[in-house]
Amino acid sequence: MEIGDWPTTEAEAVAAQERLRGAADATGPGPGPEEARTVAGVDVAYADSRSGDGEGGGSLLVAAAVVLDVATLEVVEESVHVGTSTFPYLPGLLAFRELPSVRAALDGLTHRPDVLVCDGYGLAHPRRAGLAVHLGVLTGIPCFGVAKTPFVSRFEEPGRERGAWTPLTLDGERVGRALRTRTGVKPVFVSVGSGISEENAAALTLRLTPAYRLPETTRHADHLAGRRLAKELGEPDGPDGPGGPGGPGGPGRAPAAGSA
DNA sequence: GCGACAG
DNA sequence: ATCTTGTCGC
């Protein structure tokens, strides 16, 4: 979907997801830890989560995309996008709140990552159209989601050790895995978005969690977005003062308005 | 009908 | 998501 038919209301967003559910690539196994050279994680930080945005404008937000080398887990490239929210947070419609800014952050990358990882869901969604499905279809890059809570899905508690997992189900369908990334710690919820198999998504998730419950990609993107947001809030006029030149230091886009 | 509900 | 101090542990 292009900017032209971007949903404005909840009803339009739901309809868009129902059309999207068939557009996802459910056949491609995509790359696993051995095939993928790079993986990009994306996340968004908000200055004001509650009012989000009203009818008039939107609150400040920062989207971040961080590319990691799968073999070494070292940061290859970073990109941030500073903008404003154009859609409120509504359960099941997170994609419409985060997609515009996430896309902008991804556009700032010079690398085209082999895989995309995002917070939230892919198929583990009421209409099988979570953020990872939207992002995978939009970019054409294999994408999956790793969420911290199961939302509407259900699962049996997996074994206590790292690597243990159980099926995530929704309406009697398999929608992902409850995967233990750290021994003795609550599991994460992995679900495919588009262009990658559940097996490869789970294998990559384990590859990306050598030390923490959440993937390094998510951690890096989360921290980058948070640091940049704090900087924006603390220095509204930038390090060079009012009217001064100097754009955003290093990687990063200039502030971009969300709407006219 | 009301509440709960990825981030 | 975001608001926040201390605390346990490598």
Side-chain angles (χ1 to χ4, degrees), chain A residues 10 13-14 16-17 20-21 24 41-54 58-66 80-103 105 116-136 143-155 168-171 175-179 181-194 201 205 210-215 217-234 258:
Chain A
E10 181 169 355
V14 169
Q17 290 188 324
L20 179 72
R21 64 191 304 172
V42 295
D43 193 30
V44 183
Y46 301 90
D48 186 358
S49 62
R50 48 218 153 171
S51 71
D53 57 271
S59 57
L60 185 66
L61 64 75
V62 176
V66 179
V80 296
H81 165 78
V82 180
T84 56
S85 58
T86 58
F87 202 92
Y89 168 69
L90 297 174
L93 299 178
L94 175 68
F96 298 100
R97 179 167 176 71
E98 307 213 325
L99 214 45
S101 56
V102 165
R103 181 185 56 183
L116 250 38
V117 183
C118 60
D119 282 17
Y121 311 126
L123 296 178
H125 176 280
R127 288 171 292 280
R128 309 299 186 273
L131 176 60
V133 175
H134 285 259
L135 211 48
C143 178
F144 67 92
V146 177
K148 295 180 289 296
T149 63
F151 194 17
V152 291
S153 300
R154 286 181 302 192
F155 69 102
L168 241 197
T169 62
L170 181 54
D171 302 322
V175 294
R177 296 182 181 183
L179 175 65
T181 54
R182 304 302 301 166
T183 298
V185 176
K186 282 152 47 81
V188 295
F189 304 89
V190 180
S191 62
V192 164
S194 181
T205 298
Y212 297 94
R213 178 190 177 220
L214 298 178
T217 39
T218 296
R219 289 166 45 73
H220 279 289
D222 183 69
H223 292 160
L224 177 57
R227 292 199 313 264
R228 181 50 182 270
L229 178 60
K231 181 179 180 182
E232 290 295 320
L233 294 174

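Throughout, protein chains are lettered first and strands after them, A, B, ... in sequence-line order, and every chain is numbered starting at 1.
Of the candidate nucleotides C:dA1, B:dG7, B:dC5, C:dA1 has the atom lying nearest to any side-chain atom of A:D222.
What separates CG of A:L214 from P of B:dG7 is a distance of 9 Å, to the nearest Å. Following rounding to the nearest Å, A:F96 (CZ) and B:dA6 (P) show an atom-to-atom distance of 17 Å. For the pair A:D43 CG and B:dA6 P, the interatomic distance rounds to 15 Å; values are reported in whole Å. Taking atom OH of residue A:Y212 and atom P of nucleotide C:dG9, one finds them 16 Å apart after rounding to whole Å. Spacing between atom OH of A:Y89 and atom C1' of B:dA4 amounts to 11 Å, rounded to whole angstrom units. In this entry the distance linking CG of A:L99 with P of B:dG7 reads 16 Å, nearest Å. Rounded to whole Å, atom P of C:dT2 lies 11 Å from atom CG of A:L60. Atoms CG (A:L93) and C1' (C:dA1) sit 16 Å apart, rounded to a whole Å.
With A:S191 contributing its side chain and A:G122 its backbone, the two residues share a donor-acceptor pair below 3.5 Å. A donor-acceptor contact shorter than 3.5 Å is absent between the side chain of A:H81 and the backbone of A:V102.
Taking the six-membered ring for Trp and the full ring otherwise, the centers of A:F155 and A:F189 sit less than 6.0 Å from each other. The aromatic ring centroids of A:F151 and A:H125 lie 6.0 Å or more from each other.
Residue contacts shown for A:A45 are limited to sugar-phosphate atoms, with no base heavy atom under 4.0 Å away. In this structure, A:G145 reaches neither bases nor backbone, as no heavy-atom distance under 4.0 Å exists between it and the strands shown.
Contact between the side-chain N/O atoms of A:K148 and the OP1/OP2 oxygens of B:dG7 is found at a separation under 4.0 Å.
In this structure, the aromatic ring of A:Y46 is not positioned over the six-membered ring of the base of C:dA1 within 5.5 Å between centres and 30° between planes.
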